[in-house]
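Below is one structure; the comments refer to it alone.
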There are 2 protein chains.
Amino acid sequence: MTTLLDVARLADVTTATVSNVLRDRGRFSARTRARVLEAVAQLQYRPHLTARALAEGRPPTIALMVSSIANPFYPEFALAAERAARRDGYFLIICNTNDDADVGQAYFDQIGGTLSEGILIMNSALDVDALYRGHGDGSPVVLCMWERPDRAPTLPCVAVDFFLAGRLAAAHLLELGHRRIGAIVGSARHGIHAARYEGFCQTLREADIAGFADDVRFTDDSIQGGHGAAQSLLRANPALTAIFATNDLPALGAVYAALDMGRAVPDALSVIGITDIRLARESRPALTTIAVPTAAAADLAVALLRELIRDADMTDSTLRVAPAPRLVQRDTTGIRRA
Amino acid sequence: MTTLLDVARLADVTTATVSNVLRDRGRFSARTRARVLEAVAQLQYRPHLTARALAEGRPPTIALMVSSIANPFYPEFALAAERAARRDGYFLIICNTNDDADVGQAYFDQIGGTLSEGILIMNSALDVDALYRGHGDGSPVVLCMWERPDRAPTLPCVAVDFFLAGRLAAAHLLELGHRRIGAIVGSARHGIHAARYEGFCQTLREADIAGFADDVRFTDDSIQGGHGAAQSLLRANPALTAIFATNDLPALGAVYAALDMGRAVPDALSVIGITDIRLARESRPALTTIAVPTAAAADLAVALLRELIRDADMTDSTLRVAPAPRLVQRDTTGIRRA
DNA sequence: ATGAAAGCGCTAACAC
DNA sequence: GTGTTAGCGCTTTCAT
């Protein structure tokens, strides 16, 4: 390992000067600068990031907690977050909680403030508030993809109006003439996708569509979950002409289930999701969905986190709202035929 | 921030003792232990991981370099790697290189040996050897998912026999009676998927299938890439009855392209991929593919990295081979009808 | 313009 | 059993 001291000796200066040159601070002559740089090159010196972090009192990393990086939505967010973080000189540590509170707490306790300077938290089934409280002198935290801009949480967050997304989805189906619409919620009843479902319900209610309350299934956020839920829905009520899912993965699952059951999509069943993950566009039939500004949200989240890092007791304007969701019509929704 | 010293003062011992108690080393009486633990609890003390890392001379993290975490294969690997790493007490830092050599080098230089104790590298288009050499006194590196177990690279690695995977895919198609088979390679001609294509070609050659040399397209590892390649292939040679893709994503793209062109799968076109990502099983039609032991490879990779960390100049048996790929037949391949 | 020296919070010899 | 002390490699006042 070659250290600052090695460089200093070779360049015949002290570590302070080397440090200054390297970080372009303080004063030094052009000559020393050259000598130092040469020594650095010659010795292939690279700063010890851990040592620097300790001396500076801040690590060069921020963490991203997700329930499972294997859910294809998260990588899309993570990619954007990583780019944003890197732009600001941070490395991104990705933590899978698996929605396990203990794991989440462990991550929180271990990385917050010491290994990483701040924590981005993706919407998760965990009670983040509780985690955060247990966490004491926390380093800053921002909730990403909060679902209800109108209901600000305790913690700083960037919100996406998923309630509106639910409404848009319902409105689209109504417009196409659908009246019997099933719903698949990719979380527990009062879980993270609740707002989306509420938005959906409200719009149906406003259109005086009743009696759909039984046509809902709660499952996990996956193709498989959506597949099972759709089968159940369709078997229980074959008269359904459309299905709304609170996320693209279960929506895709619903499409595949319909196909498996011999119902053409969209002719015999319309399906709409929320998010617009890449797969929504690339799958066949391509999924109609309510697109959500993933990358924008990631950028906002990193920016907010930075502000919180800079100003620890910033307490105002700690809620950022990402651009509104919008309909992306593709090939899984059509006019009601039945 | 509460430090070891705070705890020590409250418990009326020295930092050394606190450190010992916390890490269960050295000797201490049950009474002091209790006092220390109480002080820790009372002050909500949590160790400063950066300070510890500096003192111990090793950071608690390992890094995973991937070209893009948005490719759905990587998260599956990353998830397994993260679990394995955590089991060993490490955090996982995920780095997207975007297949950009400069970014890769930057990551290498910055995290290797200082921020992370070792680096896992996913198969990438980068010349890792070169990066590694440029990297000087590197911390250990292991290449994950090396494609040719029979051709050991300079660097430590865990290999998966992708040449065999290519052969298996070809064999399967031949068995179903296919003779005119197109190929989609999810990388540049001599890129990372070359071995898979070579295996495929060799098996065809052994079966005396000739003249297929033009029926190949090189593209990127995505559904979209496969879609375009398949369109091109099918237009140039409508007589093709099957398509082999070196990865599941392009294979799926080929399936969707066939569908878009009105060719039923598998009746009018069989398609096979390699990897068996989750989507392969969940998409419709479910993709026939050559399954590759992703999680096992991740476990092996982390284990190998740990050995290298422990024994810096270990040089033997630095090549680990993951279990063999195997055919998973699903719904995109069938007997040749045409 | 450069050097000396005191930490950052922790671990690890070694002494008592 | 517990305390003392010297670092880990770097940054950062403060002298000079």
Side-chain angles (χ1 to χ4, degrees), chain A residues 1-37 39-40 43-60 89 109-117 137 139, chain B residues 1-37 39-40 43-61 89 109-117 136-137 139:
Chain A
M1 236 247 117
T2 126
T3 74
L4 251 202
L5 188 59
D6 299 327
V7 176
R9 280 205 264 256
L10 183 58
D12 206 30
V13 292
T14 64
T15 59
T17 301
V18 177
S19 176
N20 280 334
V21 168
L22 256 28
R23 309 164 16 101
D24 211 14
R25 293 193 177 191
R27 274 178 297 276
F28 41 80
S29 70
R31 264 191 76 252
T32 27
R33 196 188 114 91
R35 278 219 314 288
V36 166
L37 260 24
V40 165
L43 297 175
Q44 289 214 52
Y45 167 80
R46 286 166 307 122
H48 194 298
L49 262 27
T50 298
R52 175 178 287 179
L54 185 59
E56 283 186 325
R58 61 191 211 90
D109 290 347
Q110 291 182 68
I111 57 185
T114 73
L115 233 203
S116 81
E117 202 176 3
D137 65 333
S139 54
Chain B
M1 234 247 121
T2 125
T3 77
L4 252 202
L5 188 58
D6 299 327
V7 177
R9 281 205 262 255
L10 183 57
D12 207 30
V13 292
T14 64
T15 60
T17 301
V18 177
S19 177
N20 281 335
V21 169
L22 255 26
R23 303 155 16 94
D24 212 13
R25 292 194 177 188
R27 273 178 298 276
F28 41 80
S29 71
R31 264 192 75 252
T32 29
R33 195 187 115 87
R35 277 218 316 287
V36 166
L37 259 26
V40 165
L43 297 175
Q44 290 215 51
Y45 167 79
R46 285 167 307 123
H48 194 297
L49 262 27
T50 298
R52 176 179 286 178
L54 184 60
E56 283 185 327
R58 62 191 211 87
T61 59
D109 290 347
Q110 291 182 66
I111 58 185
T114 72
L115 232 204
S116 81
E117 200 177 5
D137 65 333
S139 53

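Chain identifiers are assigned alphabetically (A, B, ...) following the order of the sequence lines, protein sequences preceding nucleic acid strands; residue numbering begins at 1 within each chain.
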First contact, last contact: which nucleotides of DNA chain D are these for chain B, 5' to 3', heavy-atom distance under 4.0 Å?
dG1(D) to dG9(D)
Does dA1(C) have its OP1 or OP2 closer than 4.0 Å to a side-chain nitrogen or oxygen of T17(A)?
no
Per-nt protein contacts along nucleotides 9-16 of chain C (heavy atom under 4.0 Å; B base, S backbone sugar-phosphate only, - none) come out as BBBB----
Using a heavy-atom cut-off of 4.0 Å across all strands, would you classify T32(B) as base, sugar-phosphate, or nothing?
sugar-phosphate
Determine the contact category for T14(B): base if any of its heavy atoms lies under 4.0 Å from a base atom, sugar-phosphate if only primed atoms, P, OP1 or OP2 are that close, otherwise nothing.
base
So R23(A) and R52(A), side chain to side chain contact (heavy atoms under 4.5 Å, CB included) or not? Walk me through it.
CA-CA 12 Å; R23(A) 309 164 16 101; R52(A) 175 178 287 179; 4.2 Å; yes
Can you tell me how far apart CZ (R46(B)) and OG1 (T2(B)) are? Round to the nearest 0.5 Å.
9.0 Å
Is there side-chain contact between P47(B) and L22(B), with heavy atoms separated by less than 4.5 Å?
no
My understanding is that only residues two or more places apart in sequence, or in another chain, count here; which of them pass salt bridge (Lys or Arg N to Asp or Glu O under 4.0 Å) with R33(A)?
none
My understanding is that only one of D12(B), L5(B), V13(B) makes a side chain to side chain contact (heavy atoms under 4.5 Å, CB included) with R9(B); could you say which?
L5(B)
P59(B) and T114(B): which non-hydrogen atoms are nearest, and at how many Å?
CG-O, 3.6 Å
Residue from V18(B), V36(B), V7(B) passing side chain to side chain contact (heavy atoms under 4.5 Å, CB included) with Y45(B)
V7(B)
Just by modelled atom types, is the T3(A) backbone N or O under 3.5 Å from a matching donor or acceptor in the D6(A) side chain?
yes
